[in-house]
Colleague: 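Following this message is one structure expressed as C-alpha cells.
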Amino acid sequence: MASIWARYNKLLDTQPLLTKCLTSLTGFTVGDILAQKFIEPSDKPYDIMRTIRLGSFGFLFHGSTGHYFYGMLDSKMPGTKPVTVASKVLIDQTIWNPIFGCCFFGFLNFAEGKTWDDYTKKLNSDLKTAVMGSWAVWVPAHTINFAFIPPSQRLLYINTIQIGYNIFLSFLGNKKADE
C-alpha cells in the first residue's frame with residue numbers, strides 16, 4: 001500500500017492535472033456503480049453507458065476544474081486560519097457549487113443528446129436540491145479539506161468523499177425532470 005501511495009504522490013508531482021482527472025474518473029465511476037448496484041431498484045438493468053457518462057464527466061470536467069479552481073483558491077487565500085477556511089468554504093458553496101451543478105446537468109444532458117428545453121427543465125427541477133444537498137456534505141467536508149489537507153491532496157480527499165456524494169448526484173442526475 002505504501003508503494004501505491006508513493007507512486008500516486010509521484011504522479012501528482014509529475015503530472016498533477018492528469019492524475020487529478022484520473023482520480024475524478026475513478027470517483028465518479030465508482031459512485032455510479034454503487035448507486036446502480038445498491039441504491040436504486042434492483043429490477044432495473046445495469047446501465048453501462050450511464051457509468052461511462054458519469055466517469056467521463058469526472059475525467060473531463062471535475063478533475064480539471066477541481067485542479068484549477070482549488071489551486072486558484074489556495075493561491076489567492078493561502079493558509080489555514082479559520083477566517084481563510086470559512087472564506088474558501090463560502091466561495092466554494094455559494095459560487096462554485098451552483099456552477100458545478102449547472103455543468104453537471106449540462107454535461108449529462110449533452111451526453112444523452114437531450115435538448116436545451118430538457119436542460120432548463122432539469123435545472124428548474126433539480127438544481128436547488130443538488131445545491132442544498134451539497135451543503136450538508138461539503139460544508140463540513142471542505143472545512144476539513146481547507147484546514148487540514150495539503151493542497152496537492154485536495155482532489156483525492158474530495159474524490160474519496162465524492163464517491164458517497166456521487167451516489168446522490170448519480171441518482172439525481174439520472175432521474176426524470178418531472179419525477
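Keep in mind the model is a prediction, meaning the values are calculated, not measured.
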Colleague: What's the separation between atom CG in Asp13 and atom OG in Ser152, rounded to the nearest 0.5 Å?
Modeller: 7.0 Å

Colleague: According to a 4.5 Å side-chain heavy-atom criterion applied to Ile, Leu, Val, Met, Phe, Trp and Tyr, with indirect links allowed, do Leu12 and Leu17 form part of one hydrophobic cluster?
Modeller: no

Colleague: Distance check, rounded to the nearest 0.5 Å: Met132 atom CE versus Thr129 atom OG1?
Modeller: 8.0 Å

Colleague: Is it true that Phe59 and Leu54 fall in one hydrophobic cluster, defined by side-chain heavy atoms closer than 4.5 Å?
Modeller: yes

Colleague: Answer yes if Tyr119 and Phe110 sit in the same cluster of Ile, Leu, Val, Met, Phe, Trp and Tyr residues linked by side chain heavy atoms under 4.5 Å apart, and no otherwise.
Modeller: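 They do not share one cluster, since no chain of ILVMFWY contacts under 4.5 Å joins Tyr119 to Phe110.
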
Colleague: Hey, would you say the His62 and Phe100 ring centroids sit under 6.0 Å apart?
Modeller: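 His62 vs Phe100: aromatic centres under 6.0 Å.
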
Colleague: Which heavy atom of Cys21 sits nearest a heavy atom of Ser64, and at what distance?
Modeller: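 Looking at all heavy atoms of both residues, the closest pair is SG-N, 3.6 Å.
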
Colleague: Before you tell me yes or no, could you show the steps for Leu22 and Leu25 under side chain to side chain contact (heavy atoms under 4.5 Å, CB included), namely the whole-Å CA-CA distance, both residues' side-chain angles and the distance that decides it to 0.1 Å?
Modeller: CA-CA 5 Å; Leu22 291 170; Leu25 166 82; 4.2 Å; yes

Colleague: How about Phe38: does its CZ atom have over 12 heavy atoms from other parts shown lying under 6.0 Å from it?
Modeller: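 Atom CZ in Phe38 is not crowded, with 12 or fewer foreign heavy atoms closer than 6.0 Å.
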
Colleague: Which heavy atom of Asn159 sits nearest to which heavy atom of Gly27, and what is that distance?
Modeller: OD1-CA, 4.2 Å

Colleague: Report the distance from atom OG of Ser24 to atom CG of Leu156, rounding to the nearest 0.5 Å.
Modeller: 9.5 Å

Colleague: Roughly how far, to the nearest 0.5 Å, is CE of Met72 from NE2 of His67?
Modeller: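 Separation between the atoms: 12.5 Å.
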
Colleague: Return the minimal non-hydrogen interatomic distance between Cys102 and Leu127, and the atom names on each side.
Modeller: SG-CD2, 3.8 Å

Colleague: Quick one: OG1 on Thr94 to CD1 on Ile99, what's the gap to the nearest 0.5 Å?
Modeller: 9.5 Å

Colleague: Of the non-hydrogen atoms in Asn145 and Arg154, which two are nearest, and what is the gap between them?
Modeller: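 Result for this residue pair: O-NH1, 2.5 Å.
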
Colleague: If two hydrophobic side chains count as joined below 4.5 Å and joins carry through other members, does Ile158 share a cluster with Ile95?
Modeller: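 Result: yes, single cluster for both.
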
Colleague: Under a 4.5 Å side-chain heavy-atom rule over Ile, Leu, Val, Met, Phe, Trp and Tyr, are Val137 and Val131 clustered together?
Modeller: yes

Colleague: Side-chain contact, heavy-atom cut-off 4.5 Å: Lys122 with Asn109?
Modeller: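 Not in contact.
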
Colleague: Check the pair Leu155, Thr23 against side chain to side chain contact (heavy atoms under 4.5 Å, CB included), reporting the backbone distance first and the verdict last.
Modeller: CA-CA 8 Å; Leu155 219 55; Thr23 302; 5.5 Å; no

Colleague: Taking Tyr157 for the side chain and Ala141 for the main chain, is one N or O donor matched with an acceptor at less than 3.5 Å?
Modeller: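 Confirmed, Tyr157 side chain pairs with Ala141 backbone.
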
Colleague: Tell me which one of Trp138, Trp135, Phe104, Phe28 satisfies ring-ring contact (aromatic ring centres under 6.0 Å, His included) with Tyr165.
Modeller: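 Of the listed options, the one satisfying the test is Trp138.
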
Colleague: Could you tell me whether the side chain of Phe69 reaches within less than 4.5 Å of the side chain of Ile91, counting heavy atoms only?
Modeller: yes

Colleague: Can you name the closest pair of heavy atoms from Thr19 and Leu11 and give their distance?
Modeller: OG1-O, 3.1 Å

Colleague: Atom CZ in Phe107, atom CZ in Phe61: separation rounded to 0.5 Å?
Modeller: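 These two atoms lie 9.5 Å from each other.
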
Colleague: How far apart are the closest heavy atoms of Gly55 and Thr29, and which atoms are they?
Modeller: CA-OG1, 3.3 Å

Colleague: In terms of side-chain geometry, is the basic nitrogen of Lys88 or Asp92 positioned less than 4.0 Å from the acidic oxygen of its partner?
Modeller: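 The answer is no: the pair does not qualify as a salt bridge.
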
Colleague: Test side chain to side chain contact (heavy atoms under 4.5 Å, CB included) on Asp47 and Arg53 and set out the steps.
Modeller: CA-CA 10 Å; Asp47 183 352; Arg53 285 189 297 272; 3.8 Å; yes

Colleague: Under the criterion side chain to side chain contact (heavy atoms under 4.5 Å, CB included), I'd like the reasoning laid out for Lys114 against Leu108: C-alpha separation, chi angles, the key distance, then a yes or no.
Modeller: CA-CA 9 Å; Lys114 294 182 178 176; Leu108 293 183; over 6 Å; no

Colleague: Going by the angle between their ring planes, with limits at 30° and 60°, are Tyr70 and His142 parallel, tilted or perpendicular?
Modeller: tilted

